[in-house]
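To find a chain, count down the sequence lines: A is the first, B the second, and so on, and within it residues start at 1. Because the structure is a prediction, the values reported are computed rather than measured.
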Amino acid sequence: MIKITFPDGAVREYNSGVTALDIARSISEGLARKVLAANVNGQVWDATRPITTDATLTLLTWTDKDGKSTFWHSSAHLMAEAVEVIFPGAKFWVGPAIDTGGFYYDMDLGGRQITEDDLRQLEAKMAELAKKNAVYQRKEISKAEAISYFAEKGDEYKLDLLEKLEDGQITFYTQGNFTDLCRGPHIPNTGLIKAMRLTNIAGAYWKGDERNKMLTRVYGVTFPAQKELDEYLLMLEEAKKRDHRKLGKELGIFTFDEQVGPGLPLWMPNGTVIIEELERLAKKTEEQAGYKRVVTPNIAKESLYITSGHLPYYQDSMFPPMELEGEKYYLKSMNCPHHHKIFAAEPKSYKDLPYRLAEYGTCYRYEQSGELFGLMRVRCLHMNDAHIYCTKAQFYDEFRAVNEMYLKYFKIFGIDKYVMRFSVHAPSKLGIKYIDEPELWKETEDLVRDVLIRTNTPYIEVPDEAAFYGPKIDVQIWSTIGREFTLATNQVDFAQGKRFKLEFTNKDNHAETPLIIHRAPLGTHERFIGFLLEHYAGKFPVWLAPLQVKILPITDKSLEYAQSLLVSLKNADIRVEVDDRSEKIGKKIRDTELAKVPYMLVIGEKEMADNKVAVRRQGKGDLGVKGIEEFIAEIKKEIIERTSNP
RNA sequence: GCCGUUGUAGCUCAGGGGUAGAGCACUUCCUUGGUAAGGAAGAGGUCGUGAGUUCAAUUCUCAUCAACGGCUCCA
């Protein structure tokens, strides 16, 4: 007998060799039908794998993250089985579950192309195979046997995988007519997969290396019930409606033009209002935090970027230089070197530090054409940039203050889902990807970690993602499309100070090099507004809304009254327009609702007689009648306090 | 940059070897209507661009540009 400990602490005895599925069945048949896998002593196992020692056990179902990923990974195998039927001779690389939902399988179809129609055919085949209730069978196998199996099959990709594996760690999983080299685990049988959708076809480099052959990747998603697939598809539809590219066009925020160039957004009047409101917020915040504003040119001579160290590391991401009078000029892809030159322009004493320079800097980066994505990845960007020059003793307070500024902003925008990524260097890439100063890397990484730990900031540490000049903290956020983006960045730089020979005179009258903090809490206008469009689904809070109030006269008898209201509101610095078309009020309301204008003032003969306005809030409906002064006072409060949407 | 898909009116889309269509938007007129679409008429397109095949190309072929889905990349 073995002892099984359940999550609630209960302990029950079972015969050795019992499976998680048996245990579930001993509790209830209903539970047994839902079990997808099990967590046995901290490892995710097949629910059908015999347990032979005392163990802690958690049964995993669709509601568990590991249950879902087991389900999806098993679905990848099911898809592969269908692929083998429809594309005989297909060779397989890997087919994992993906965090954001679903799975993919990378395959070599021997030069054959796969089409949307093929996907529908594959789905049908998967459904047919699933109905057979085929059991996923696990088998431990020797390396020699495994090699001979795939050698015979002619699958060089699996043979490549086998090279790194040794006897004792190789398992095969078989369901129906499909056998795969796989670590597992898998769900008990294919019958659990009730609904499936192959979502798209893509190319993917073998092993993720662009020098390698491109394999065919098919993405899919499956569910234990048709209803859940329907809900998933509905959610995708909703996400599409929130896509910043769609909203940006509908709301007149930005546009692209072929003649201007890819990745070069044109900010339209409505978008420009948002830019200016964001800048107003940033400038006030930064002024209060002791920053000084500067303005620098968009181009500089080559030597500046040689000194900064950017050219050797990032030349590929810069627009090619303009050459005139024997001199090369580059469009700036970062503001730092320019700021360093401002620091260097006047001698500095320790009394001048911390010295904080801020600029909404325009930068140009030559992102590869395939990387461009709406406003999220562009070639011309406006960065909420600043550089803080400080002593090591000041570093803690300065770095902490920057992190606190992030949090202050996130509160204003209601951003509650984010992760701080602490990116550190990789010692093996010193001198290649990173400045070759091992002691300084250690020292600055320790300084940053110290801030994070002492301020109780949750973070994850990621190796080999630092900037070339020092460690950094990136703030990751998720758009409604499910993509992950770096919104803000806070970086330490121990390298450029030296390279630019930046110095201050310390208390002992010696020259000392300052530490530099690069920070951009609001990221770039492009990415931030792209994010906000999706975050608010285009319904901006009043302080950011391009048009804050629309006055809707019911008939043209109240046009004159509308004009007088317009003047009052404009005098109160409210962004307002009158809809003076000869349309019915229902039509005017509909159009204004769709334009996502926060407030509508409906006025007719009644309001005119009482000198009042009927207030309607976008998405909320009629709020009743009030005096114009009362309305102005309320909306001004909402604007000044930068209130989030109710 | 790589693999794949797409490109028709301002927008969303239909069509198809014999030089084009809908809805919305737009213009004009009628309508003055109380909280999500009043009516009529009109204007608008070298069917992304360039070349080829053909008596004839927007439709077929090739190239190119751009967008989209991924991969790679992201100071």
Side-chain angles (χ1 to χ4, degrees), chain A residues 104 106 113-116 199-219 243 245-246 249-250 252 255-263 305 308-311 313-318 332-337 363 365-374 376-378 381 383 385 423 433 465-470 472 474 481 483-486 489 491 493 496 518 520 527 552-559 581-595 600-607 614-624:
Chain A
Y104 65 80
D106 282 351
Q113 266 189 25
I114 191 162
T115 64
E116 285 286 323
T199 47
N200 53 48
I201 310 160
Y205 297 111
W206 183 40
K207 297 186 181 180
D209 188 327
E210 61 183 324
R211 288 162 302 191
N212 283 345
K213 180 170 180 175
M214 187 155 278
L215 303 175
T216 301
R217 174 174 295 182
V218 175
Y219 285 86
D243 189 317
R245 293 165 298 185
K246 183 172 157 67
K249 180 174 267 183
E250 285 169 3
T255 189
F256 288 99
D257 182 274
E258 284 200 17
Q259 281 196 300
V260 174
Y305 302 113
S308 73
H310 283 98
L311 263 185
Y313 289 94
Y314 292 109
Q315 187 158 25
D316 288 349
S317 308
M318 293 177 76
K332 70 174 171 184
S333 61
M334 68 298 296
N335 304 300
C336 348
C363 299
R365 297 178 181 184
Y366 195 79
E367 305 288 358
Q368 290 188 56
S369 58
E371 292 162 355
L372 300 173
F373 178 70
M376 300 303 198
R377 261 319 256 298
V378 292
L381 42 106
M383 199 185 294
D385 210 358
S423 301
K433 194 173 165 187
E465 287 196 6
F468 74 86
Y469 45 63
K472 62 177 180 171
D474 284 334
I481 304 170
R483 290 191 193 233
E484 186 179 356
F485 289 95
T486 300
T489 182
Q491 311 176 349
D493 179 352
Q496 289 198 59
H518 303 236
R527 191 169 286 184
L552 309 179
I554 291 171
T555 71
D556 51 17
K557 292 193 196 82
S558 28
L559 267 183
R581 298 173 303 164
S582 71
E583 294 288 352
K584 288 175 122 173
I585 190 64
K587 169 78 166 164
K588 290 185 184 181
I589 287 171
R590 178 181 155 80
D591 289 348
T592 314
E593 285 278 346
L594 292 176
M600 283 154 264
L601 300 182
V602 177
I603 51 167
E605 297 191 43
K606 275 186 274 175
E607 287 75 18
V615 181
R616 185 185 164 101
R617 180 74 215 233
Q618 202 273 346
K620 293 266 177 287
D622 195 349
L623 298 185

Residue list, side-chain hydrogen bond (donor to acceptor under 3.5 Å, both in side chains) with [X], at least two apart or on another chain:
{"X": "A:D257", "result": "none"}
{"X": "A:K213", "result": "A:D108"}
{"X": "A:D591", "result": "A:R581"}
{"X": "A:K332", "result": "A:T296, A:N335"}

Considering only atom [atom1], compute the distance from [N] to [M] and round it to an integer number of Å.
{"N": "B:rC3", "M": "B:rA9", "atom1": "C1'", "answer": "33 Å"}
{"N": "B:rC47", "M": "B:rU19", "atom1": "C1'", "answer": "10 Å"}
{"N": "B:rU72", "M": "B:rA36", "atom1": "C1'", "answer": "46 Å"}
{"N": "B:rC62", "M": "B:rA67", "atom1": "P", "answer": "23 Å"}
{"N": "B:rC73", "M": "B:rG50", "atom1": "P", "answer": "38 Å"}
{"N": "B:rU31", "M": "B:rA20", "atom1": "P", "answer": "38 Å"}
{"N": "B:rG45", "M": "B:rG39", "atom1": "P", "answer": "26 Å"}
{"N": "B:rU32", "M": "B:rA25", "atom1": "C1'", "answer": "23 Å"}

> So, A:Y305 versus A:Q315: side-chain donor-acceptor pair below 3.5 Å or not?
Replying inline: no

> Taking both distances under 3.5 Å as the test for a Watson-Crick or G-U pair, what stems of at least three pairs does RNA chain B have?
Replying inline: B:1-7 with B:65-71, B:10-13 with B:21-24, B:26-30 with B:38-42, B:48-52 with B:60-64

Mind calculating the distance between [atom1] ([X]) and [atom2] ([N]) to the nearest angstrom?
{"X": "A:Q259", "N": "B:rG48", "atom1": "CD", "atom2": "C1'", "value": "12 Å"}
{"X": "A:E583", "N": "B:rG34", "atom1": "CD", "atom2": "P", "value": "15 Å"}
{"X": "A:R590", "N": "B:rG34", "atom1": "CZ", "atom2": "C1'", "value": "18 Å"}
{"X": "A:E116", "N": "B:rG4", "atom1": "CD", "atom2": "P", "value": "15 Å"}
{"X": "A:Q491", "N": "B:rC74", "atom1": "CD", "atom2": "P", "value": "13 Å"}
{"X": "A:I589", "N": "B:rA37", "atom1": "CD1", "atom2": "P", "value": "9 Å"}
{"X": "A:F373", "N": "B:rG1", "atom1": "CZ", "atom2": "P", "value": "19 Å"}
{"X": "A:I603", "N": "B:rG33", "atom1": "CD1", "atom2": "C1'", "value": "15 Å"}

Nucleotide nearest [X] (side chain, heavy atoms from C-beta), chosen from [options]:
{"X": "A:M334", "options": "B:rA37, B:rA75, B:rA36", "value": "B:rA75"}
{"X": "A:Y314", "options": "B:rG69, B:rC26, B:rA75", "value": "B:rA75"}
{"X": "A:K587", "options": "B:rA25, B:rG69, B:rG34", "value": "B:rA25"}

> Looking at side-chain heavy atoms only, is the closest gap between A:R527 and A:F485 below 4.5 Å?
Replying inline: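 Of all side-chain heavy-atom pairs linking A:F485 with A:R527, at least one is under 4.5 Å.
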
> Is A:E465 paired with A:K472 through a side-chain N to carboxylate O contact shorter than 4.0 Å?
Replying inline: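 The answer is no: the pair does not qualify as a salt bridge.
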
> Does A:D622 pair with A:R616 as a salt bridge, N-O distance under 4.0 Å?
Replying inline: no

Name all residues meeting the side-chain contact (heavy atoms from CB on, under 4.5 Å) criterion together with [X]; count only those two or more places apart in sequence or in a different chain, and write none if there are none.
{"X": "A:L372", "value": "A:P262, A:E367, A:R379"}
{"X": "A:I554", "value": "A:I585, A:V602"}
{"X": "A:K249", "value": "none"}

OP1 or OP2 of [N] versus the side-chain N and O atoms of [X]: is any pair under 4.0 Å?
{"X": "A:R365", "N": "B:rC74", "answer": "no"}
{"X": "A:R245", "N": "B:rG69", "answer": "yes"}
{"X": "A:K584", "N": "B:rG34", "answer": "no"}

Contact class for [X] (heavy atom, under 4.0 Å): base, sugar-phosphate, or nothing?
{"X": "A:K588", "value": "nothing"}
{"X": "A:E607", "value": "base"}
{"X": "A:Y469", "value": "sugar-phosphate"}
{"X": "A:E250", "value": "nothing"}
{"X": "A:E605", "value": "base"}

> Partners of A:E210 by salt bridge (Lys or Arg N to Asp or Glu O under 4.0 Å), sequence neighbours excluded?
Replying inline: none

Starting at [atom1] of [X], measure out to [atom2] of [Y] and round the result to the nearest 0.5 Å.
{"X": "A:Y366", "Y": "A:E371", "atom1": "OH", "atom2": "CD", "result": "10.5 Å"}
{"X": "A:I603", "Y": "A:E605", "atom1": "CD1", "atom2": "CD", "result": "11.0 Å"}
{"X": "A:S308", "Y": "A:F468", "atom1": "OG", "atom2": "CZ", "result": "5.5 Å"}
{"X": "A:R365", "Y": "A:L381", "atom1": "CZ", "atom2": "CG", "result": "5.5 Å"}

So which protein N/O to nucleotides 12-14 of chain B N/O distances come out below 3.5 Å?
none

>> For A:A466 and A:G604, find the nucleotide of RNA chain B closest to each by heavy atoms; which residue's nucleotide sits nearer the 5' end?
In response: A:G604

> RNA chain B: A:P262 or A:K472, which has the more 5' nearest nucleotide?
Replying inline: A:P262

What's touching nucleotides 30-32 of chain B from the protein side, N or O pairs under 3.5 Å?
| residue | atom | partner | partner atom | Å |
| --- | --- | --- | --- | --- |
| B:rU31 | O4 | A:S582 | OG | 3.0 |
| B:rU32 | O2' | A:K557 | NZ | 3.0 |
| B:rU32 | O2 | A:D556 | N | 3.0 |
| B:rU32 | O2 | A:D556 | OD1 | 3.3 |
| B:rU32 | N3 | A:D556 | OD1 | 3.2 |
| B:rU32 | N3 | A:D556 | OD2 | 2.9 |
| B:rU32 | O4 | A:D556 | OD2 | 2.9 |

Expected rows: protein N/O vs nucleotides 71-73 of chain B N/O, under 3.5 Å:
| residue | atom | partner | partner atom | Å |
| --- | --- | --- | --- | --- |
| B:rC71 | O4' | A:G203 | O | 3.2 |
| B:rC71 | O2' | A:Y205 | N | 3.0 |
| B:rC71 | N4 | A:G370 | O | 3.4 |
| B:rU72 | O2' | A:E210 | OE2 | 3.2 |
| B:rC73 | N1 | A:E371 | OE2 | 3.4 |
| B:rC73 | O2 | A:E371 | OE1 | 3.0 |
| B:rC73 | O2 | A:E371 | OE2 | 2.5 |
| B:rC73 | O2 | A:R377 | NH2 | 2.8 |
| B:rC73 | N3 | A:R377 | NH1 | 3.4 |

